[in-house]
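For reference, the structure discussed in these notes is given below.
Along the sequence shown, the residues carry numbers beginning at 1. When reading the values below, keep in mind they use all heavy atoms of this one structure, side chains included, and skip hydrogens, waters and symmetry mates.
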Amino acid sequence: MNRAIFDVFISYRRDGGSNYAGTVYDYLISKKFHPFYDRTGMENGRFDEQIRINLINSENYILILSLHALDRVINDDDWVRHEISLALQYNLNIIVLVEEGFVFPESLPDEIENLRFYQQYKFKNNSIHSCLKEIESKLQRKNDEFDTFDPKSDSKVHIGGEYLTLYEDEDNGRIVTRKAPAKLYTIGNNIYGKTSFGDALSWRIKGKIYNKKRITGLYYAKSILDDGFGTFYLEIKSPSVMEGYWCGYDNANGKMFSGKYIFKKIYNDYTIRLINKSDFPRIIRISDNQLGKDYVNKNLLEQSLDKDDRFCYVAEAHKTKQPIAFAMCMVIDYEEAKKISRTEEIKDLQFYDKIGYIKTVVVDEHYEGYGIGSKIVGECIDYLSSLGCSAFISTAWKHAGVINIANILQLNDFYKISEIPNYWYEDSLTEGFQCPQCGNPCNCSCVIYAKI
């Protein structure tokens, strides 16, 4: 199906870098990665499109800077320059290997100037293997966003109710996973329902259940302005998960498309409440794992207890009585919103005296994909509204082309305002926190969202 098979893209200058590229390729293969190396990965057809598609769909970008690797990047048609530019544009996990003696040119084209700020791993001709061992832990393996973890242990399958769907889609040539809520109900062996993505997009679902094991059917857009339609096939994997594929006409991209399709029954065995001190250790552990060590600490959490204009909501699992998600929020004014967005003017928010800022939203990795993040953000919006806020802003980090809470915010009708590269770079250096994607310093971008 239409899915990238490579998780590492190897970029190099053939003159001086070919031997190193081959060594990197062999090492990655031995470690069970799936690297794209142009000497082995190219197929028939346009090479430029293959380079672009395979690069932006990779999790990792390894750049080998042999002695004269950047001498020709001043030329507009230089392919090393194009590859670096794409890796920076799509915010891939960039690993820079630098041969001993390499020196950056005095000036670089604007679109690749930020390459200077990435951590460099230096090697000699006879020491590249030790360098590769060092960077192995920095490489991101592809996460299975369709993980079928089921926190419930029901033995009976009951089709129907509220679900969160995950489906593969195409966005500017990159395969992405989107999320949308759905409601299903059954009459005999027939299944009906509706799934939606924000207020603008919704689909009707009709299908039939066969032998209590699989479901097939049709979907079609509810709006008369959207002529998207197609078929789907699902297998019942567990009491809470149905997994399969969809295939049909993609109205947004104007072509036929197919992708993986998952229904996860929404997990409701939790309560959302305000934080208390006994929650601190568990929340810090969740944050350290998801956001990086020391990004959230005791002092920061205590501010949510001591100030009227700051609060933290937690989702507490009924079974364990422990937090499984949290969101930190505060009331700010327009001047503070400008500082957060690092711009002199946010036109959409300039007429609001009180703005609700949803600073941090984190869900324990074992409970992701069950609608908890969207639910807790909805509660935050209600509470901020009770404090007098009628406009809202939020910050989300972006790494390897993925925005961590994009679906959570969009499902609560937030929309994107701007994107700021290297947003946490200076903070990570001064405060010392370890980004789970970049380490230290943090090179993630920040995407600013708003809701009015």
Below 6.0 angstrom between ring centroids: does that apply to [X] and [Y]?
X: Y313; Y: F311; result: yes
X: Y261; Y: Y245; result: no
X: F229; Y: Y220; result: no
X: F257; Y: W246; result: yes

Can you tell me how the ring of F263 sits relative to the ring of F232, calling it parallel under 30°, perpendicular over 60° and tilted otherwise?
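It falls in the tilted class, 30° to 60°.
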
For a quick check under 3.5 Å, do S11 and E83 share a side-chain donor-acceptor pair by atom type?
yes

Does a donor on one side chain and an acceptor on the other come within less than 3.5 Å for T395 and Y357?
yes

Could you grab the distance from atom [atom1] of [X] to atom [atom2] of [Y], nearest 0.5 Å is fine?
X: Y90; Y: K398; atom1: OH; atom2: NZ; value: 8.5 Å
X: K213; Y: E235; atom1: NZ; atom2: CD; value: 10.0 Å
X: L28; Y: N60; atom1: CG; atom2: CG; value: 8.5 Å
X: F326; Y: E316; atom1: CZ; atom2: CD; value: 15.5 Å
X: D413; Y: I381; atom1: CG; atom2: CD1; value: 8.0 Å

Partner residues of Y192 under the side chain to side chain contact (heavy atoms under 4.5 Å, CB included) criterion, sequence neighbours left out:
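By the side chain to side chain contact (heavy atoms under 4.5 Å, CB included) rule, Y192 matches Y185, I187, N190, K206.
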
Do NZ/NE/NH1/NH2 and the carboxylate oxygens of [X] and [Y] come within less than 4.0 Å?
X: K339; Y: E336; answer: no
X: R285; Y: D364; answer: no
X: K265; Y: E162; answer: no

Given 3.5 Å as the limit, does a donor-acceptor pair link the side chain of [X] with the main chain of [Y], or not?
X: N422; Y: Y425; answer: no
X: E168; Y: K260; answer: yes
X: S287; Y: I283; answer: no
X: T195; Y: P181; answer: yes
X: N404; Y: A396; answer: no
X: S85; Y: E111; answer: no
X: D333; Y: K354; answer: no
X: D279; Y: N276; answer: yes
X: R342; Y: Y423; answer: yes

Quick one: are [X] and [Y] in side-chain contact, heavy atoms under 4.5 Å?
X: S394; Y: F414; result: yes
X: I191; Y: I205; result: no
X: K375; Y: I372; result: no
X: S374; Y: L411; result: yes

With sequence neighbours excluded, tell me which residues meet ring-ring contact (aromatic ring centres under 6.0 Å, His included) with W79.
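F47, H82.
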
For the student: nearest non-hydrogen atoms of I275 and S304, plus distance:
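Smallest interatomic distance, heavy atoms only, reads CG2-CB, 4.3 Å.
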
Under 3.5 Å donor-acceptor pairs involving side-chain atoms of residues 441-452, not counting sequence neighbours:
residue, atom, partner, partner atom, Å
S445, OG, N91, ND2, 3.4
K451, NZ, N412, O, 3.2

